[in-house]
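Before any comments, here is the structure.
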Amino acid sequence: MARWAQGYYDILNPAKYVGSGKPRYRSGWELSFMRFCDSNDAVLQWASEAVQIPYRHPLTGKQTVYVPDFLITYRTRNNTMRAELIEIKPKKQSVIESKMNSRDRAVVAINYAKWQAATKWCQRQGLTFRVVTEQDMFHNGRA
């Protein structure tokens with residue numbers, strides 16, 4: 001599946017989707033995550049791009065808004081409920097490596113600023129913030 005796939009997801013279990021409007025995916029990885037949320041019995045509720053979090057852009061210094069990819073509520077193996085804010089990102093946009101060019105380093109720096117703001121926002125809301133990469137999604141060769 002191409003990472004650059006874009007479109008609107010057709011919800012199979014509308015009672016679980018608590019977002020507004022039809023969810024839009026901006027990558028094949030987001031589409032895979034939507035399918036997971038929609039079909040996994042442990043996921044009780046999910047929404048796409050449902051939260052806006054203010055943050056300061058690290059390169060311009062301006063206040064702007066970050067919209068994480070997903071808000072989900074699920075039941076753990078211990079039968080407890082958890083809510084998480086999830087960002088789907090390629091690993092190369094989530095870790096600074098020595099061989100990166102300055103543009104790629106800037107992308108990661110901006111992501112870190114967004115994620116720091118999201119982590120603080122989630123702590124105030126009693127939620128967890130997590131970045132999910134292709135390694136998390138496709139371990140053992142499965143989605």
Side-chain angles (χ1 to χ4, degrees), residues 1-14 16-40 42-78 80-143:
M1 176 181 312
R3 276 193 337 229
W4 53 86
Q6 293 190 24
Y8 290 93
Y9 178 71
D10 291 321
I11 300 166
L12 302 176
N13 295 296
K16 290 173 64 169
Y17 187 72
V18 295
S20 61
K22 197 169 188 178
R24 180 183 171 113
Y25 58 90
R26 301 176 199 291
S27 72
W29 298 336
E30 287 183 14
L31 175 58
S32 291
F33 195 79
M34 287 178 180
R35 287 177 177 151
F36 168 81
C37 290
D38 200 13
S39 65
N40 188 306
V43 176
L44 305 174
Q45 294 181 329
W46 67 283
S48 175
E49 298 181 344
V51 175
Q52 294 185 350
I53 300 171
Y55 80 102
R56 186 169 306 284
H57 193 287
L59 305 181
T60 66
K62 293 182 180 176
Q63 276 296 124
T64 188
V65 174
Y66 165 48
V67 180
D69 294 323
F70 298 98
L71 175 62
I72 67 170
T73 303
Y74 63 95
R75 190 177 315 282
T76 68
R77 291 183 183 153
N78 299 334
T80 59
M81 299 224 325
R82 275 189 83 175
E84 291 189 7
L85 205 52
I86 306 283
E87 178 68 24
I88 307 294
K89 226 14 128 200
K91 185 172 183 210
K92 71 178 186 174
Q93 292 182 10
S94 61
V95 178
I96 291 181
E97 297 178 359
S98 59
K99 62 186 176 201
M100 285 182 148
N101 64 36
S102 59
R103 183 197 166 282
D104 291 340
R105 286 177 184 268
V107 167
V108 175
I110 293 165
N111 285 339
Y112 281 4
K114 292 175 180 179
W115 301 342
Q116 184 178 33
T119 299
K120 289 178 182 177
W121 184 90
C122 283
Q123 288 171 345
R124 291 191 302 270
Q125 306 301 318
L127 306 173
T128 302
F129 176 72
R130 182 164 37 136
V131 177
V132 175
T133 69
E134 67 274 19
Q135 286 184 321
D136 301 315
M137 291 178 66
F138 301 106
H139 65 284
N140 298 326
R142 298 187 302 248

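Side chains are part of it too, since the values below use all heavy atoms of this structure and drop only hydrogens, waters and symmetry mates. Worth saying up front: this structure is predicted, and the values here are computed from it rather than measured.
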Margin query: Tell me whether the rings of Trp46 and Phe70 are parallel (<30°), tilted (30 to 60°) or perpendicular (>60°).
Written below: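 Correct class here is tilted.
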Are [X] and [Y] close enough that some pair of their side-chain heavy atoms sits under 4.5 Å apart?
X: Met34; Y: Asp38; value: no
X: Phe33; Y: Asp69; value: no
X: Pro58; Y: Ile110; value: yes
X: Leu85; Y: Ile53; value: yes
X: Leu127; Y: Gln125; value: yes
X: Tyr17; Y: Pro23; value: yes
X: Phe129; Y: Gln123; value: no
X: Asn13; Y: Lys16; value: yes

Margin query: Check Asp10 with Lys22, please: is the shortest side-chain N to carboxylate O separation under 4.0 Å?
Written below: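 Result for this pair is yes, salt bridge flagged.
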Note to self: To the nearest 0.5 Å, what is the distance between CD on Glu87 and CH2 on Trp115?
What the structure shows: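 CH2 of Trp115 is found 6.5 Å from CD of Glu87.
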Notebook entry, point to check: Quick one: CZ on Arg26 to CD1 on Ile88, what's the gap to the nearest 0.5 Å?
Noted result: 13.5 Å
Item checked: Heavy-atom closest contact (Ile86 atom, Glu84 atom, distance) -> CD1-OE1, 3.2 Å
Next item on the list: Give a yes or no on this: more than 12 heavy atoms of other residues, nucleotides or ligands lie within 6.0 Å of atom CD of Gln52.
Entry: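 No, CD of Gln52 has 12 or fewer neighbouring heavy atoms, counting only those of other groups under 6.0 Å.
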Taking [X] for the side chain and [Y] for the main chain, is one N or O donor matched with an acceptor at less than 3.5 Å?
X: Asn40; Y: Ala42; answer: yes
X: Thr80; Y: Thr76; answer: no
X: Asp136; Y: Thr133; answer: yes

Note to self: Is the positively charged end of Arg82 above the ring of Tyr74, judged by distance under 6.0 angstrom from the centroid and angle within 45° of the axis?
What the structure shows: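 Arg82 over Tyr74 ring: no.
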Check: Do you know which of Gln6, Glu49, Glu30 makes side-chain hydrogen bond (donor to acceptor under 3.5 Å, both in side chains) with Arg24?
Finding: Gln6
